2 protein chains.
Amino acid sequence: MYAIKESSTNQLNKNIAINKCPVTYTLSKIGGRWKALILYHLIGGTRRYGELKKALPAITEKMLIQSLKELEMDQLVHREVKPVVPPHVSYNLTEAGNALQPILMAMAAWGIEYANTEDPSGRCMI
Amino acid sequence: MYAIKESSTNQLNKNIAINKCPVTYTLSKIGGRWKALILYHLIGGTRRYGELKKALPAITEKMLIQSLKELEMDQLVHREVKPVVPPHVSYNLTEAGNALQPILMAMAAWGIEYANTEDPSGRCMI
DNA sequence: TCGAATACATACTTTTTGGTTAGTACTTGT
DNA sequence: ACAAGTACTAACCAAAAAGTATGTATTCGA
């Protein structure tokens, strides 16, 4: 027989880990399928929403805006809207976002060295 | 109305990302709730199963061995069994695992700088 | 007046990840 | 004979993450 769950230990454990450990904290900000990738693309400089979409053909629009929104809330990217029509929205790294660059580069380097990724340039054109 | 799903785009997308992008590849190896943390603890040197368990009180045994197993399969940690009883199993980083050290350290440093984690030493005693 | 272009929003479903509970094997100490 | 210690294993389930499909607003140019 199975006992009843009263609250999410999953969520609880997550928060414990995030609050007590900087490594987990960092991972919570750049983890998931797409965030690191988006950040990596923004290292190149400001990008419009549509440019990101083109650079990441495999991502769905939902995941792209969802990720961008979370990154914005976490103050890793900055969103700028030009009030024109059709809309013109661009994204670029904040200071904290920029500070992730060494991590992202190190991850790319490690991946290039220890994996057989198809594109050894590390440009991440997914 | 909803169309029928014939195969996992989720899995597909994941594999595309992993195969084409070294950043995503790296993340796929150290992502998730516990792996980075375990690796981080192994930086200190060889640890027994029970030592890891004690160091990470919040992790369940299932997640600990599951993570260790995956890390072993990915050749990031090496598992050594002494055929005694009670069993004596220890884990340590492989060369590839060791090469992750700069990334882990950089993640810890970023977390310490940009978060208010409870333990600013970065020791990750969860 | 209709379509194209841009940047989203929302409701819903599937897939994956993580947690719960209970049990195993083997030997030493009491 | 039985508990304790060590390192697991497996069946089951809940919660989170990711994907699908469809719809919105605005204005310009044809």
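Numbered from 1 within each chain, the chains take letters A, B, ... in sequence-line order. Please read these numbers as outputs of a predicted model, since none were measured by experiment.
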Worksheet item: Above 12 or not: heavy atoms from other molecules or residues under 6.0 Å from CD of B:E70?
Response: yes
Worksheet item: Around atom CD of A:Q75, are there more than 12 heavy atoms of other residues, nucleotides or ligands at under 6.0 Å?
Response: no
Worksheet item: For A:E51, does the CD atom sit with more than 12 other heavy atoms under 6.0 Å from it, leaving out its own atoms?
Response: yes
Practice prompt. Determine whether A:M63 and A:R33 make a side-chain contact, defined as any pair of heavy atoms from C-beta on separated by less than 4.5 Å.
Written response: no
Fill in: Protein-nucleotide distance (A:I18, atom CD1; C:dG18, atom P), rounded to Å
12 Å
Response to the item:
In whole angstroms, the gap separating P of D:dA18 from CG of B:L27 amounts to 10 Å
Discussion item. At less than 4.0 Å, is any side-chain N or O atom of B:R48 found next to OP1 or OP2 of D:dT6? Yes or no.
Written reply: no
Worksheet item: Using a cut-off of less than 4.0 Å, is there contact between a side-chain N or O of A:N13 and OP1 or OP2 of C:dG19?
Response: yes
Practice prompt. Hey, could you give me the CG/CG distance between B:L42 and B:N98, rounded to the nearest 0.5 Å?
Written response: 10.0 Å
Worksheet item: Between CD1 of A:I43 and NE2 of A:H41, what distance do you get to the nearest 0.5 Å?
Response: 10.0 Å
Practice prompt. Using distance alone, with no hydrogens and no angle criterion, decide if B:N92 and B:R79 have a side-chain donor and acceptor under 3.5 Å apart.
Written response: no
Practice prompt. Please work out which residues in residues 81-93 of chain A have a non-hydrogen atom less than 4.0 Å from an atom of DNA chain D and list them by number.
Written response: A:V85
Worksheet item: Rounded to the Å, how far apart are A:R79 CZ and C:dA7 P?
Response: 10 Å
Discussion item. What is the distance, to the nearest angstrom, from the CD1 atom on A:I59 to the P atom on D:dA18?
Written reply: 10 Å
Worksheet entry | A:R33 vs B:E51, nearer the 5' end of DNA chain D by closest nucleotide | B:E51
Item to complete: Let me know the distance between CG of B:N15 and P of D:dA18, rounded to the nearest Å.
Response: 14 Å
Discussion item. So A:K14, base contact, sugar-phosphate only, or nothing? Heavy-atom distance under 4.0 Å.
Written reply: sugar-phosphate
Worksheet entry | side chain to side chain donor-acceptor pair (under 3.5 Å) assessment of B:H88 paired with B:R48 | CA-CA 7 Å; B:H88 183 117; B:R48 290 185 62 173; 3.3 Å; yes
Item to complete: Using whole Å, report how far CH2 of B:W34 lies from P of C:dT16.
Response: 22 Å
Item to complete: Select one nucleotide: of D:dA16, C:dT20, C:dC8, the one nearest the side-chain heavy atoms of A:N10.
Response: D:dA16
Worksheet item: Rounded to the Å, how far apart are B:E80 CD and D:dC8 P?
Response: 13 Å
Worksheet, complete the sentence: So, with a heavy-atom separation below 4.0 Å from DNA chain C, the residues of residues 61-71 of chain A are A:E61, A:I65, A:K69
Worksheet entry | Integer-rounded Å distance: C:dT17 C1' and B:K35 NZ | 11 Å
Worksheet item: Does OP1 or OP2 of C:dT14 have a side-chain N or O of B:T9 closer than 4.0 Å?
Response: no
Discussion item. Please say yes or no: joined through hydrophobic side-chain contacts below 4.5 Å, possibly via intermediate residues, are A:V81 and A:I38 part of one cluster?
Written reply: yes
